2 protein chains.
Amino acid sequence: MKPRDDKKTDQIFQAALGLVKEKGLAGITMCEIAKEAGMATGTLYIYFKNKDELINILFAECRKASAENYFQNYNAAHPFKSGFTKVWMNILKFRIANFEEVVFMDQCYHSPFINECTIKLTRQMIQSLFKLIERGKDENIFKDVDTFSLLTFMIGSIHESVKNAHYSRKPLTRPVIAAMFTMCWDGMKR
Amino acid sequence: MKPRDDKKTDQIFQAALGLVKEKGLAGITMCEIAKEAGMATGTLYIYFKNKDELINILFAECRKASAENYFQNYNAAHPFKSGFTKVWMNILKFRIANFEEVVFMDQCYHSPFINECTIKLTRQMIQSLFKLIERGKDENIFKDVDTFSLLTFMIGSIHESVKNAHYSRKPLTRPVIAAMFTMCWDGMKR
DNA sequence: AACATAAATGAATACTTGTTCATTTATGAA
DNA sequence: TTCATAAATGAACAAGTATTCATTTATGTT
């Protein structure tokens with residue numbers, strides 16, 4: 001028998017992500033995805049039951065990849081600031097390098113494809129970030145503000161930087177990244 | 001002859017915004033918009049040439065409403081901090097009160113409906129905000145960081161607050177808003 | 001080398017959705 | 001009141017899109 005081509009799933013995902021960034025979830029068709037991925041329309045239905053499943057599984061993959069990235073090379077034994085910096089930079093760099101995923105996930109939150117339940121799962125994933133912020137508060141480094149607000153502020157500085165860098169077509173340079181981080185840190189610290 | 005019903009345009013816009021927030025640009029149909037707006041499908045085509053025009057005009061309206069709001073009750077004669085606070089609060093409150101518009105515009109940026117040219121116009125609209133930040137730098141209040149980064153940081157603190165408040169279903173309380181503003185200010189100031 | 005099996009194909013099908021248009025309804029003018 | 005005009009309607013039509021399936025192609029097994 002003929003085995004499945006393991007690369008195909010990834011080709012489909014890449015095609016879908018590229019098209020969504022270009023035209024939004026509104027604009028993509030199964031036919032276009034297949035063409036972009038270099039295969040026949042029918043082939044998509046060997047790897048996914050239907051369009052809905054394709055998008056849901058891609059969403060789950062993106063979420064996983066994003067979460068796995070947060071704490072890479074984070075060492076809790078190191079001083080708080082260096083750990084916090086590492087996580088901040090991880091998230092920033094990941095979002096720059098995977099901007100298509102960012103756009104795709106953003107669009108999914110208001111779509112008929114992703115259900116409430118899936119969104120709730122995503123919220124659970126910020127637990128580790130929550131703990132990081134709590135540590136900063138415990139060590140009397142961060143302001144005595146509720147953790148959720150501190151986290152929101154941290155994430156906001158990252159998200160907006162990445163978005164603006166992309167739309168203004170001005171790549172984030174090291175000095176700009178450093179400046180953004182300093183502002184975030186100064187805002188959060190006591 | 002029978003005159004046009006001036007309310008209809010607004011009914012159509014409200015229906016479209018509500019549906020986009022619920023299902024995304026991907027999920028809306030002319031038929032649904034009409035039903036939600038309480039009129040026949042054909043009526044949409046009296047007020048708009050087609051779906052594309054409907055969305056483009058709605059986009060332009062949202063952009064205008066948003067921009068007109070920035071500097072309401074801003075008085076350049078007042079001290080910088082109170083003016084900056086006013087603008088920050090204006091934007092925050094506008095986005096809370098008009099979250100549907102926020103979602104709609106976000107979705108439009110990656111859609112086949114809105115073209116590059118329209119997006120560029122939006123960028124021009126941030127000129128007044130640019131000048132506000134410059135004033136803060138001129139008065140030696142803000143950090144000596146490039147204006148675009150300062151503005152990005154400011155906007156990021158607002159956007160993420162509104163988004164998180166909505167998705168977590170925790171309305172922004174006065175103390176939380178105050179805390180977010182303080183973090184933004186502390187981050188930007190020297 | 002021949003066979004069995006599943007992948008891959010893409011035109012055909014079924015369904016969805018944008019748009020039109022013949023008809024009805026409502027309003028201002030004569 | 002009647003007429004002229006344009007709005008409003010929604011079923012019919014035209015496009016467009018998801019999904020299927022008969023056929024072809026490729027690969028592992030015997």
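Numbers restart at 1 for each chain; the letters A, B, ... are given by sequence-line order, proteins then strands. Source: prediction; values computed, not measured.
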- Query: Is the phosphate of dA8(C), meaning OP1 or OP2, less than 4.0 Å from a side-chain N or O of Tyr47(A)?
  - Reply: yes
- Query: So what does Thr43(A) hit on the nucleic acid, given a heavy-atom distance under 4.0 Å: a base, only sugar-phosphate, or nothing?
  - Reply: base
- Close residues, residues 15-28 of chain B, relative to DNA chain C [heavy-atom separation under 4.0 Å]: Ile28(B)
- Query: Looking only at side chains, do Glu160(A) and Thr152(B) share a donor and an acceptor under 3.5 Å apart?
  - Reply: no
- Position toward the 5' end of DNA chain C (nearest nucleotide), Lys49(B) or Gly42(A): Gly42(A)
- Spacing between Leu54(A) atom CG and dT17(D) atom P, to the nearest angstrom: 17 Å
- Position toward the 5' end of DNA chain C (nearest nucleotide), Asn50(B) or Arg4(A): Arg4(A)
- Task: Mind telling me whether Tyr167(B) and Phe99(B) have parallel, tilted or perpendicular rings, with 30° and 60° as the class edges?
- Result: perpendicular
- Ile46(A) CD1 - dG10(C) P separation (whole Å): 12 Å
- Query: How many Å lie between CE on Met30(A) and C1' on dC15(C), as a whole number?
  - Reply: 15 Å
- Query: Atom OH of Tyr45(A) and atom P of dT17(D): how far apart are they, to the nearest Å?
  - Reply: 13 Å
- Grab the CG-C1' distance between Leu44(B) and dT19(C) for me, whole Å please. 11 Å
- Spacing of Ile12(B) atom CD1 relative to dA7(D) atom P, expressed in whole Å: 13 Å
- Item | Nearest-angstrom distance from the residue atom NZ of Lys35(B) to P of dA11(D) | 11 Å
- Item | Sub-6.0 Å ring centroid separation between Tyr70(A) and Phe94(A) | no
- Message: Taking salt bridge (charged side-chain N to carboxylate O under 4.0 Å, His left out) as the criterion, tell me which of Asp6(A), Asp5(A), Asp10(A) meets it with Lys8(A).
- Response: Asp5(A)
- Query: Using a cut-off of less than 4.0 Å, is there contact between a side-chain N or O of Thr41(A) and OP1 or OP2 of dG10(C)?
  - Reply: no
- Does Lys51(B) place a side-chain N or O at less than 4.0 Å from the phosphate oxygens OP1/OP2 of dG18(C)? yes
- Listed nucleotide nearest any side-chain atom of Lys8(B), set dT17(C), dA8(D), dT17(D): dA8(D)
- Task: Mind calculating the distance between CG (Asp52(B)) and C1' (dG16(D)) to the nearest angstrom?
- Result: 16 Å
- Message: To the closest 0.5 Å, what do you measure between CG (Leu44(A)) and CE (Met30(A))?
- Response: 4.5 Å
- Message: List the residues meeting side chain to side chain contact (heavy atoms under 4.5 Å, CB included) with Asn140(B), not counting sequence neighbours, and say none if there are none.
- Response: Arg190(B)
- Residues in side chain to side chain contact (heavy atoms under 4.5 Å, CB included) contact with Ser157(B), at least two apart in sequence or another chain: Phe153(A), Trp88(B), Cys184(B)
- Taking only side-chain nitrogens and oxygens of Lys2(B), does any of them come within less than 4.0 Å of OP1 or OP2 of dT24(C)? no
- Query: Out of dT17(D), dA8(C), dT20(D), which has the shortest distance to the side chain of Asp5(A)?
  - Reply: dA8(C)
